[in-house]
2 protein chains.
Amino acid sequence: MAKRVGISDVAARAGVSPTTVSHVVSGRRHVSEVTRARVRSVMDELGWEPNELARSLRMQRTQTIALIVPDITNPFYPSVARGLLDVVSEPGYQVLIGNTDGSPSAEKDLVARMVTRSVDAIVFAGYYSKASDVAPAVEAGIPVALMGGRKASAGIDVLTSDDLAAGEIATRYLIGRGYHRIGFITGPSGEGPPADRVKGYRRALTSAGLRFNSQLVVREEFSRAGGAAGLQELLELRKPPRAVLCTNDMVAIGALDVARARGLRVPDDLAVMGFDDIEAAALISPSLTTIAGDPREQGRAVGRVLLGRLDGTTASLPQRILFAPSVVPRESA
Amino acid sequence: MAKRVGISDVAARAGVSPTTVSHVVSGRRHVSEVTRARVRSVMDELGWEPNELARSLRMQRTQTIALIVPDITNPFYPSVARGLLDVVSEPGYQVLIGNTDGSPSAEKDLVARMVTRSVDAIVFAGYYSKASDVAPAVEAGIPVALMGGRKASAGIDVLTSDDLAAGEIATRYLIGRGYHRIGFITGPSGEGPPADRVKGYRRALTSAGLRFNSQLVVREEFSRAGGAAGLQELLELRKPPRAVLCTNDMVAIGALDVARARGLRVPDDLAVMGFDDIEAAALISPSLTTIAGDPREQGRAVGRVLLGRLDGTTASLPQRILFAPSVVPRESA
DNA sequence: CTGAAAGCGCTTACAG
DNA sequence: CTGAAAGCGCTTACAG
């Protein structure tokens with residue numbers, strides 16, 4: 001390959017200075033009509049386009065946004081990535097992905113590398129993300145948005161699903177359909193999004209004048225087997241629930257397995273409802289009624305917030321945006 | 001934020017030249033024990049790390065690989081991305097994603113931008129990708145790997161699923177289970193991977209001494225509705241098939257819908273088999289027997305090929321790597 | 001064992 | 001309306 005052509009080659013051939021070539025590209029100062037035309041034609045002739053790397057070094061901005069996620073293979077994150085791309089591509093940003101596998105050391109590493117690469121902004125996702133993980137970026141003056149982090153963090157924008165609302169909305173939906181005895185198969189730990197969903201469930205029950213019964217909430221693994229075990233347990237109660245909320249769709253599918261095995265008609269004998277709306281929810285039979293967030297829209301929202309930070313448009317107070325989910329009614333409830 | 005510290009600050013504080021600091025970082029020339037220690041400690045003290053941008057401009061390599069895909073939301077691509085990251089992260093590469101939505105103009109645009117950003121290599125994916133789409137990159141001397149492209153392209157590495165083998169393997173599996181009258185619901189067009197799968201099917205039939213009957217292959221949309229329509233059509237034949245191959249899992253799920261509606265027992269009355277092994281395949285009931293590729297492994301393989309190109313290790317002949325799929329036996333066949 | 005200087009390819013104050 | 005020169009922050013031939 002021939003020596004790469006640079007701005008000075010264009011300038012020489014057009015009989016002007018690099019300064020002028022730069023200005024016809026940027027439009028940042030007036031260049032006479034004829035000079036502009038001449039420069040343009042030389043650019044075409046030589047096939048020159050400004051080298052982004054040099055421009056980045058000079059301008060101290062790379063037009064790059066880092067997206068750091070635990071596992072790009074989890075369908076939630078590609079959708080977020082898509083939404084982010086939706087809004088940042090137009091103004092010329094590219095996105096660099098980082099996969100942490102949830103490992104704290106990988107997280108620190110990636111943040112550090114993104115800083116040395118001078119990305120213009122970072123979106124850091126993961127349900128257990130903490131502000132301290134991104135401290136080096138913040139110190140370097142790089143705008144950071146946390147997704148899924150649960151605590152408002154000093155000086156950092158946080159965007160997250162409203163899990164409490166999700167639990168509330170799901171529960172109200174079931175109550176509205178005439179179910180009053182509702183069980184909940186939740187995750188093993190008492191914190192994080194699953195716990196918030198249970199809180200929302202409890203709140204909806206209470207505000208409908210129904211009693212919260214702790215026997216009806218069982219803790220299981222986040223898996224199909226967990227869902228199966230959870231439903232077994234609930235069905236052994238003297239007064240088993242008529243409907244069951246499952247902390248995610250996979251758990252709900254496990255519950256559906258035992259309902260089918262026991263010959264229970266869904267939703268007539270037992271209503272089953274999940275959270276997340278994974279692809280399979282629509283494809284199984286009976287199809288699964290569930291609660292859907294909108295990850296792509298979440299990606300768009302972070303993009304907008306960050307773009308605002310980058311052009312100084314977003315207010316200086318850190319934003320905290322909660323995404324309200326909605327129910328996707330299907331056959332199972 | 002304070003003025004960013006640079007190599008000359010470190011050098012000054014350590015009483016050496018930037019040259020020496022650079023060398024203690026790179027290890028490319030010997031630096032006396034004591035100097036090295038002093039420089040290191042100043043580096044820590046000042047928290048300095050080399051600016052990748054400046055280094056990239058100087059060294060003419062960005063440690064960046066572009067991954068251009070039609071739709072990052074299609075689960076195949078995140079898996080490829082994961083595999084790519086698996087192998088390129090360790091040697092210090094990052095990956096920049098581009099989403100084309102299959103639009104030819106977006107493809108050209110993205111390739112051009114990746115070139116101006118001086119990425120070190122490009123993986124360009126999409127079932128209809130052509131070599132000409134990436135010509136600007138090739139001209140700029142950037143190694144390119146095509147994924148899913150079907151023709152070997154001058155000077156470009158191509159990695160793709162072996163769809164012909166997939167069709168063959170699926171068909172042999174059904175024959176082995178005693179099915180001799182096998183239908184095929186394929187896509188609307190007569191080319192691309194779906195057509196290759198049909199070819200493989202035909203080849204397997206022939207080599208098993210069975211007759212290929214064109215009435216048994218029907219063309220439908222790539223959707224659940226397409227699968228339903230396809231099976232209807234096949235069942236209306238005077239001698240309907242006892243097993244049906246569906247060009248992808250979604251189509252197979254549509255076929256399963258009509259089997260269930262008609263009260264056919266699967267697989268006793270009718271065996272159904274798909275391709276791709278989407279997440280839902282394992283979750284529906286009956287679970288779907290299908291053909292799985294290994295997208296993550298494909299991502300790893302492109303990573304290896306490209307890394308080889310970058311360090312001059314891969315032979316100069318363009319590689320053509322075909323990925324053989326395997327059957328995932330489940331309940332439906 | 002170490003340093004001064006050029007240069008990667010741009011943009012932008014400064015000057016006219 | 002336009003240009004010469006400095007500088008973004010590194011690495012590396014060249015020299016000693």
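Below, chain A is the first sequence line, B the second, and so on; all start at residue 1. Heavy-atom basis, side chains included; hydrogens, waters and symmetry copies ignored.
For the pair A/Ser8 and C/dC10, the criterion of a side-chain N or O lying under 4.0 Å from OP1 or OP2 is not met. One finds no side-chain N or O of A/Gln60 lying less than 4.0 angstrom from the OP1 or OP2 phosphate oxygen of C/dT11.
Taking the P atom of each, C/dA13 and C/dG9 are spaced 23 Å apart, rounded to whole Å. Rounded to whole Å, the separation between the P atoms of C/dA6 and C/dT2 comes to 23 Å. The separation of D/dA5 from D/dC1, taken at their P atoms, amounts to 24 Å, rounded to a whole angstrom.
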Listed pairs, N/O of protein and of nucleotides 12-16 of chain D, under 3.5 Å:
residue, atom, partner, partner atom, Å
D/dT12, O4', B/Arg58, NH2, 3.2
D/dT12, O4, B/Thr19, OG1, 3.2

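Classification of B/Asp157 and B/Arg320 as a salt-bridged pair fails, no side-chain N sitting under 4.0 Å from a carboxylate O. Checked for salt-bridge contact, A/Glu49 and B/Arg113 miss the test: no charged N lies under 4.0 Å from a carboxylate O. Between A/Arg82 and B/Asp101 there is a salt bridge, since at least one side-chain N of the basic residue sits less than 4.0 Å from a carboxylate O of the acidic one.
Counting any heavy atom pair closer than 4.0 Å across all strands shown, A/Thr35 reaches sugar-phosphate atoms only and no base atom.
No side-chain donor-acceptor contact under 3.5 Å links B/Asp162 to the backbone of B/Leu322.
As a whole-Å value, the separation of A/Leu46 CG from C/dG9 C1' is 15 Å. Look at CG on B/Leu53: it is 14 Å from C1' on D/dT11, rounded to the nearest Å.
Base pairing of D/dA15: its partner is C/dT2, meeting the Watson-Crick or G-U wobble criterion (both donor-acceptor distances under 3.5 Å).
Checking A/Val21 against B/Leu57, the closest nucleotide of DNA chain C that is more toward the 5' end is the one next to B/Leu57. Nearest-nucleotide positions on DNA chain C place B/Glu33 closer to the 5' end than the other of B/Glu33 and B/Ala54.
A donor-acceptor pair shorter than 3.5 Å can be found between the side chains of B/Arg117 and A/Thr64.
In this structure, A/Ala11 and A/Pro18 approach most closely via the heavy-atom pair CB-N, 3.5 Å.
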